[in-house]
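Bear in mind the structure is a predicted one, so any value in this text is a computation, not a measurement. All chains are named by letter (A, B, ...) in the order of the sequence lines, taking the proteins before the strands, and each is independently numbered beginning at 1.
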There are 4 protein chains.
Amino acid sequence: MTMSDMIDTLRHDEKMTPKQIEILKAAIELISEKGYYNTSTSEIAERAGVAEGTIFRHYRTKKDLLIKIVKPVITDFSASFFAEQFVHQVFREKYGHFEDLLYAFIKNRFEFAQSNVPLIKILLQELAFHPEIQTAYKRAFSEKVYPALNQAIDFYKQKGELRDLPNETIIRMVVPSVLGFMMTRFILKPDQNWDDEAEIKQTITVIMGGVGGT
Amino acid sequence: MTMSDMIDTLRHDEKMTPKQIEILKAAIELISEKGYYNTSTSEIAERAGVAEGTIFRHYRTKKDLLIKIVKPVITDFSASFFAEQFVHQVFREKYGHFEDLLYAFIKNRFEFAQSNVPLIKILLQELAFHPEIQTAYKRAFSEKVYPALNQAIDFYKQKGELRDLPNETIIRMVVPSVLGFMMTRFILKPDQNWDDEAEIKQTITVIMGGVGGT
Amino acid sequence: MTMSDMIDTLRHDEKMTPKQIEILKAAIELISEKGYYNTSTSEIAERAGVAEGTIFRHYRTKKDLLIKIVKPVITDFSASFFAEQFVHQVFREKYGHFEDLLYAFIKNRFEFAQSNVPLIKILLQELAFHPEIQTAYKRAFSEKVYPALNQAIDFYKQKGELRDLPNETIIRMVVPSVLGFMMTRFILKPDQNWDDEAEIKQTITVIMGGVGGT
Amino acid sequence: MTMSDMIDTLRHDEKMTPKQIEILKAAIELISEKGYYNTSTSEIAERAGVAEGTIFRHYRTKKDLLIKIVKPVITDFSASFFAEQFVHQVFREKYGHFEDLLYAFIKNRFEFAQSNVPLIKILLQELAFHPEIQTAYKRAFSEKVYPALNQAIDFYKQKGELRDLPNETIIRMVVPSVLGFMMTRFILKPDQNWDDEAEIKQTITVIMGGVGGT
DNA sequence: CATGAATGAGAATTCATTCAT
DNA sequence: TATGAATGAATTCTCATTCAT
């Protein structure tokens, strides 16, 4: 079940009461549909089948609730893949070619996105308005994502698998392409009939070879 | 001056009083900085040097003010370049190669973006929350932008300048790349020292040839 | 034309500009439809085809406008019929029987009401809320209507045409009956097909002889 | 105590908090004195000794508060007397003569009016301005009051106790007479020394036999 | 832990009235 | 005399947060 997957994403250490879980569920649904400022705590309480006061037993403020929803997404998105396994596997030549790495990367993030659409929607929508989220985001990117990407790009450049472009430029090419695909897939046209495997492969082809004719 | 450029973007037909212009300026500044829901009409009035009631003489509701700010951006962004000149010039072989078209296109939108950063920030930030804006956006895209891109892509495919990929895929490659560049340039890192000309050319190179090594 | 009749009712001494007449017309229409508090001066101005400021050139305040509309109605309603002709005619035996007087009275007020429905609606609706109107009303009633009725009732009592009831009681019978008929006729069911002459006569019959069987 | 009688009239099903009762009391007092549009929610809150926001926890809008005050009056006024007992008792010959029925009817409504003066004032004053109230009123009259009156009138006509007049005419005679008496008694001159029993009897006499001399 | 009534600061909006032109 | 932009006080309503039970 998607919702309990997401709750897993959010539950790191603590034991949650059933009510707390209901609150999280309700908040995620409502905020992802209507946005943080269009969702009142009383609505959340109602949908969660909980008294309004109960929300504030578990989350100091409404913003705190938002942060508790969004931060784990950032952490997971950046940490899970990179950090531990990613770089090491690259250098252990698990991914012989850059395409292979890219495929594993997209595949992994694709699945994460798939089971966390509402959470990611919330993250993208609210990022612009909450400094707390921006800080967490920047930190995760500069500490985890960027260094990992950097190392990997350097590695494959040396192997001649990547053109001799500034790493920044390569990232600015790869990341929007992948994000663009996923946003189209999950947010803009989620109901279209998608052949995901084919789309992923095509995305990789284009990233590697561009759109230019031979 | 940037601000009066923007006011020009917004002023289509009517005569505005000086106070009305002040209101628009203040609203654009505040909303682009803090978002629509974090900006109160009393703040706007204060910054505009105007009584709060004055806002509502000119804009029926706060939302109406937002729409009046955002809609012209959509219209301008989609209409100005495309529609009239764009397609005709393509077929008159003004742009011999797809790269040339791409260059002209990026250049043009780059300049538009440059003098309308706050307006575009507002558009991007609020798009998710206001159905009125979404409607205008979708319509502009499907009626103006998409058909024009489609025709151009078909044209250059025939000439062998573009790979035989689905048009959708090409668009999903080109658009995010260009947007990604502009967002980095104007929103994420506006203060970095940019060699715009070089960046644009590099973006085109990568779009055409991908990131893969020879 | 009904509306110019009403304007006549309101125009006592002064010369009005065309704009002033338009303002009165618009105010009467709107206030009688929606009530004083639901009608804004801007609406009145708009319907009158006049700038908002113009209203305040002619009427010091919005309330002043209301008073200028309502007071003449009170004056006319009470003064026109009574005072001069009424009592004198009674004693000159113009009306041999009370029924004749009642008929002349109802007929006369009926016609007045007929050509002043909106004004009377306004009077009745706003009477409860504006002390200024109440004062004018009470004064008119106690100075003009009541004394005249009193004299007439005494006169016909002496002639044996009226039962020996307290005058108050007789008034409390006659006035509501007449008002009840007129309100039904003009306000509650104005669209029903009415045989006015027959209704008036029947009203008189019942006032005189009650509803009891023989 | 009059006020708690009225609260009883309004409290049908639900449990009210003490504050809610204070709000109702304050609203009834103020609105009956000054009218709905001249009474602000902040005044009501102040007199009720309650925060303004508290009003809106219990009544969605200011209008909702008005409706919750006025509707039960309509319901009670029309329902209580009629429907159940009224018609049945008529046919069980409880009221041998029409006068007896009239007496019971006036007496009953008199007592209701006596303990609900403010509520009735509000009803009469606001009826003209709120379609919601009009609808409730019309429905109550056409579904409850009118059919009952109709049956009773037919019944007494057959018995020869009422003249052979159209029922409408009889109603248009009886109702305004009774209302006229009550309005004079409770609203226009509540402070006069009244011998209520005598007045009621006299009203009946006049309704039955008219004002005409023998 | 949970409740839900109560709060009160602030938000958007209305509108009669003024005044420079 | 007429205009209409501007005002600002007042109004209704929202909502995150508190707290006694």
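- With a cut-off of 3.5 Å on both Watson-Crick or G-U wobble distances, the partner of dC15(F) is given as dG8(E).
- When each of dA2(E), dT18(F), dT12(F) is scored by its nearest atom to the side-chain atoms of Ser40(D), the top-ranked nucleotide is dT12(F).
- The distance from atom CG of Leu66(D) to atom C1' of dT11(F) is 16 Å, rounded to the nearest whole Å.
- Remark: dT21(E) base-pairs with dA2(F). Criterion, Watson-Crick or G-U wobble with two distances under 3.5 Å.
- Taking 4.0 angstrom as the limit, Arg57(B) places none of its side-chain polar atoms (N or O) nearer than this to OP1 or OP2 of dA6(F).
- The local environment of NZ in Lys71(D) is sparse, with at most 12 non-hydrogen atoms from other residues, nucleotides or ligands closer than 6.0 Å.
- With the nearest nucleotide of DNA chain F identified for both Gly53(B) and Gly53(D), Gly53(B) has the one nearer the 5' end.
- Separation of the His130(B) and Tyr37(A) ring centroids does not fall under the 6.0 Å cut-off.
- Nearest to the side chain of Phe56(A), among dT17(F), dT3(E), dT7(E), sits dT17(F).
- Under 4.0 angstrom from either OP1 or OP2 of dA12(E) there lies at least one side-chain N or O belonging to Thr41(B).
- Looking at heavy-atom distances under 4.0 Å, Thr17(D) makes contact with sugar-phosphate atoms alone, never a base.
- With DNA chain E read from its 5' end, the first of the two nearest nucleotides for Gly49(D) and Lys63(C) is the one closest to Gly49(D).
- Side chain of Lys19(A), nearest nucleotide from dA11(E), dA6(F), dT3(E): dT3(E).
- A search for ring-ring contact (aromatic ring centres under 6.0 Å, His included) contacts involving Tyr137(B) returns nothing, not counting sequence neighbours.
- Closest to the Glu52(A) side chain, of the nucleotides dA16(F), dT12(F), dT3(E), is dA16(F).
- Here the side chain of Val50(D) is nearest to one of dT3(F), dT7(F), dT7(E), namely dT7(E).
- For the pair Thr61(C) and dA16(E), the criterion of a side-chain N or O lying under 4.0 Å from OP1 or OP2 is not met.
- Mapping Ser42(D) and Ala51(C) onto DNA chain F via the closest heavy atom, the residue that lands nearer the 5' end is Ala51(C).
- Side-chain N or O atoms of Glu126(B) include none that pairs as donor or acceptor with a backbone N or O of Gly35(B) at under 3.5 Å.
- Note: CD (Glu46(C)) to P (dC15(E)) measures 13 Å, nearest angstrom.
- Taking atom C1' on both dT21(F) and dC1(E), the two are 13 Å apart, rounded to the nearest angstrom.
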Q: Would you sort out whether Lys25(A) and Glu22(A) count as a salt bridge (Lys or Arg N to Asp or Glu O under 4.0 Å), showing the intermediate values?
A: CA-CA 5 Å; Lys25(A) 277 198 217 170; Glu22(A) 289 310 310; 3.5 Å; yes
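- Contact annotation: Thr54(C) side-chain N/O to dT3(F) OP1/OP2 distance is under 4.0 Å.
- Phosphate proximity of dT1(F) to His58(C): absent, as no side-chain N or O sits under 4.0 Å from OP1 or OP2.
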